[in-house]
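We number each residue from 1, following the sequence as shown. For ligands, and for the atoms within them, numbers begin at 1 and follow the listed sequence.
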Amino acid sequence: MFDPNMDEVERIKQLKKERNAIILAHNYQRGDVQDIADFVGDSFGLSQKAVDSGAEVIVFCGVDFMAESAAVLNPEKTVLMPELSAQCPMAAMITVESLRHEKEKYPGATVVCYVNTPASVKAESDICCTSANAVKVVNALPEDEIIFVPDRNLALYVAAHTDKKIIPWNGYCPTHHLILPGDILLEKEEHPDAEILVHPECRPDVIALADQVLSTAGMLKYARQSSSKEFIIGTEVGLLHRLNKENPDKTFIPATSYAVCPNMKMNTLGSIIRALERNEHVIKIPEDVRVKAKLALDRMLDVGRGD
Ligand code: 13P
Ligand code: SF4
């Protein structure tokens, strides 16, 4: 029974039980959303978790393409997205029509698509990848010519770690583009012993300054295992929540506090309650698209993590 005096966290726990639901959250979510989630991770870990979970309902706290992937992988489960307007702008930088046009230009090429894409684009691709396994996925392919969509920075990073010909798409993440080489250099001057960890969505001149280029989960693992005490973090600032929580004896300095993804911050405890109470917003993918997109995601899951 609903008690109007119950606080939001208690209400979420009650609703989760009633609906046999789990909450999956990306590492960039608000701290309070991360804290009530059953699993917090990067895109690769979240895709895997969506497959492994025995729950009937998945509340996906991330952005559109992540919830879509969960729905593609789990047609028998109800996937809920608390805030429909939490859309990734990079994923919107490519369409099926524009990808088909690119494929016509390079008929022999294989299409590797970063998971930050609509399900329809995944359905038109040969295999997906995430920031954790992009290099591993490309190097595992037998083909030598690769159309890599939609992130040009990740494509260029992969190109530097393979002998294959990479044809990049011209998309980018507006949040990671706010991180500039000058930000990193300024922090390094103040913290000369700090290790520099950056996400592969960063610009090439930022990547050139990094000690490690890692997915968000890769950064968490690296920070845990490293003997360094200070780290400059070149990614969305939401990752600092877990870094600080898991490593109270270490210091994490954001490369810039401007690196905020507004879309990732839309989900709140209130919107999770609403999603579970009203069963909204259910993410459904047309079956013909879903089956083809699942093939590309399954192939990626078979290759496994890279970092
Ligand atoms: P990760 O898979 O590394 O968590 O990155 C997802 C993302 O959207 C980065 O901007
Ligand atoms: Fe998309 Fe960038 Fe936000 Fe990740 S951080 S969801 S790539 S806009």
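Listed by chain and number, the residues in a side-chain hydrogen bond (donor to acceptor under 3.5 Å, both in side chains) with N153 are H177 (sequence neighbours excluded).
Under 4.0 Å from ligand 1, not a single heavy atom of T130 appears. When non-hydrogen atoms are compared, ligand 1 lies under 4.0 Å from the side chain of E201 (C-beta onward) but not from its backbone.
In this structure, a donor-acceptor pair under 3.5 Å is present between the side chains of E230 and H191. For R152 and N170, the side-chain atoms include at least one donor-acceptor pair closer than 3.5 Å. For the 3.5 Å distance criterion, the side chains of E201 and Y157 fail to qualify, holding no donor opposite an acceptor. Looking only at atom types and distance, the side chain of E195 has a donor-acceptor partner in the side chain of S228 under 3.5 Å away. With hydrogens and angles left out, the side-chain atoms of H241 and N27 include no donor and acceptor closer than 3.5 Å. T110 and D126 share no side-chain donor-acceptor pair at under 3.5 Å. Between the side chains of N74 and K77, a donor-acceptor pair is found at a separation under 3.5 Å. Side chains of Y28 and T235: a donor-acceptor N/O pair is present below 3.5 angstrom, by distance only.
Taking atom 3 (O) of ligand 1 as the reference point, the nearest protein heavy-atom neighbour is S131 OG, 2.6 Å. What sits closest to atom 5 (O) of ligand 1 on the protein, heavy atoms only, is H199 NE2, 3.3 Å. Scanning all protein heavy atoms for the shortest distance to atom 2 (O) of ligand 1 gives S43 OG, 2.8 Å. For atom 8 (O) of ligand 1, the closest non-hydrogen atom of the protein is N116 ND2, 3.4 Å.
Residue contacts with ligand 1: H26 is placed with a nitrogen or oxygen under 3.5 Å of a nitrogen or oxygen of the ligand (distance criterion only). Annotation: N27 places no N or O atom under 3.5 Å from an N or O atom of ligand 1; distance criterion only. Residue-to-ligand polar distances keep S215 apart from ligand 1: every N/O pair is separated by 3.5 Å or more.
Put simply, the side chain of Q29 does not reach to within 4.5 Å of the side chain of R242, judged on heavy atoms.
Below 4.0 Å from some heavy atom of V63 lie the following atoms of ligand 2, by number and element: 6 (S). Close approach of ligand 2 to Y28 is summarised as follows: ligand atoms under 4.0 Å from at least one heavy atom of the residue are 5 (S). Contact atoms of ligand 1 toward H176: 10 (O) (distance under 4.0 Å to a heavy atom of the residue).
Taking CZ of R11 as the reference point, atom CD of E8 lies at 11.5 Å (rounded to 0.5 Å).
Listed by chain and number, the protein atoms of type N/O/S under 2.8 Å from atom 2 (Fe) of ligand 2 are C173 SG; waters are omitted.
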Intermediate values then yes/no, salt bridge (charged side-chain N to carboxylate O under 4.0 Å, His left out), E10 and K13: CA-CA 5 Å; E10 286 310 310; K13 282 186 190 159; 3.5 Å; yes
